[in-house]
There are 2 protein chains.
Amino acid sequence: MAQTDTVTRILDTAEVLFAERGFAETSLRTITSKARVNLAAVNYHFGSKKSLIQAVFARYLDPFTVRFHHALDELEAQHADGVIPLEVLLETMARTVLDVPAERHSLKVFMKLLGLAYSQAQGHLRRYIQDEYGSVFSRFTDLVRLATPDLPDSERFWRLHFVLGTVIFTLSGLDALRDIADKEYQEHVTVRDLIRRLRPVVVAAMNAPLPPPPMPKAEAS
Amino acid sequence: MAQTDTVTRILDTAEVLFAERGFAETSLRTITSKARVNLAAVNYHFGSKKSLIQAVFARYLDPFTVRFHHALDELEAQHADGVIPLEVLLETMARTVLDVPAERHSLKVFMKLLGLAYSQAQGHLRRYIQDEYGSVFSRFTDLVRLATPDLPDSERFWRLHFVLGTVIFTLSGLDALRDIADKEYQEHVTVRDLIRRLRPVVVAAMNAPLPPPPMPKAEAS
DNA sequence: TCCGGCTGGAAACGAGTGTTTAAAACATAA
DNA sequence: TTATGTTTTAAACACTCGTTTCCAGCCGGA
């Protein structure tokens, strides 16, 4: 117990600081001093700062993938025809995302980390996440294809990234937006609140009418 | 001409590097060596790295605000009742955003910078943009309020940022997504193409049904 | 000719970075 | 106990960072 105590304290401190300031802006000295462990402990237990960053993500994403696979298993069992309604798929994903940090303590940190994974230009992180957790995501998109048979493949591809952009952009810039919303509308917004607002918007976006076919040939640009 | 040449070369180089790697990850030495100017030139001409970052933004945002104000002036003149349809407002903003980098080099850079301004927001940048360009944005949101009288103020605020996230996320990550789409669906997508696909999605998102009222929460978060 | 004024350039400064080292402290098993 | 492997510690290493200094060059006006 005492041996893993240092590791846990480093991870707990690092994830908060990373979420607040980003990766490059958070030094190992800041982490270790705030966690009250020795500076060398990070390199001893994790090997490098990069590995620490990946470990922070793994602590959230590993339980997430397990839970999400289980949830999708149940859904597929319930829908013998293999077609799961889009709303159910989105709802399941949102619920799984919300459940994971429930056993840990901060949902906000998890959300900010997801945003950082895209916005911060850490090439190694994107590769790591893609390699380690890409399979869950493609299983999800396969189910979305079954749920939206009328959508051309390319249109569904783009719309999924549209809504992905909405979610990630909103959550990664959450603090800034929340500050404005707080003093502008006098209502403090939680992450759960945001997801409640996001759901109808996302569903409407996915079910939007198809765009008009591309103009045959206007002026070149 | 020779006197401003150094300044221009620094700005041209800095905006590309910032867009590619972010602010903290781009050192002044990388910028000055790639721009083939002396290291001290940045501090001589701009004062500090912070001021350089702000100057990079100003070079895009200054022309943008001028054009956008003019465009809104024309719209208000055309619609004497003061109510401009939502689609027209969105279309106008999109056209203005697309026009500005046309006279400069890169739409991609402009989009990535906008994304960075939110996600990687150093405090000083957010404050600078808010102070310097907040008035145009609030003029726009005022017009959107007139166009969507049924939407509660806070709901409209969040939905505007939802669609802002969609646009910025999609356009700033355009090349990566385009590469996937190209070889997955064998159709090369242009920016015009993307805007065509974005329009119905954005309109549907803004007009989505209202979310259910928040559940009274027993647990705090 | 000399002159202040800008601009350009090499070098250095001081602070901060991730990482490594080597010794000390600890725990556990023989 | 001694021996063994693991963990912690303080110190140093080898950078890179933004910024500053100081001096050489250039300029048009006296």
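Per chain, numbering begins at 1; letters A, B, ... match sequence-line order.
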B:Phe57 ring center within less than 6.0 Å of B:Tyr128 ring center | no

Has [X] got a side-chain N or O lying under 4.0 Å from the OP1 or OP2 atom of [N]?
X       : N      : value
B:Asn43 : D:dG18 : no
A:Thr6  : D:dT8  : yes
B:His45 : C:dC6  : no

[X] has an atom [atom1]; how far is it from atom [atom2] of [N], in whole Å?
X       : N      : atom1 : atom2 : result
B:Phe23 : D:dG18 : CZ    : P     : 13 Å
B:Ile10 : C:dT7  : CD1   : C1'   : 12 Å
B:Leu17 : D:dG18 : CG    : C1'   : 16 Å

Is the closest basic N to carboxylate O distance between B:Arg178 and B:Asp193 below 4.0 Å?
-> no

State whether the side chain of A:Arg9 and the backbone N or O of A:Ala35 hold a donor-acceptor pair below 3.5 Å, judged by distance alone.
-> yes

Short question: side chain of A:Thr170, backbone of A:Thr166 - any donor-acceptor pair under 3.5 Å?
-> yes

Cut-off 3.5 Å, side chains only: do B:Asn38 and B:Tyr44 have a donor facing an acceptor?
-> no

Give a yes-or-no answer on whether the side chains of B:Thr141 and B:Arg156 include a donor-acceptor pair shorter than 3.5 Å.
-> no

First locate atom NE2 of A:His69, then atom CZ of A:Arg139, and finally report the distance between them rounded to the nearest 0.5 Å.
-> 5.0 Å

What orientation do B:Phe162 and B:Trp158 show, parallel under 30°, tilted 30 to 60°, or perpendicular over 60°?
-> tilted

Using nucleotides 9-11 of chain D, report all nitrogen or oxygen pairs with the protein that are shorter than 3.5 Å.
unit_1	atom_1	unit_2	atom_2	d
D:dA10	N7	A:Asn38	ND2	3.4

Atom pairs under 3.5 Å, N or O on each side, protein against nucleotides 13-17 of chain C: can you list them with distances?
unit_1	atom_1	unit_2	atom_2	d
C:dT17	OP1	A:Ser27	OG	3.2

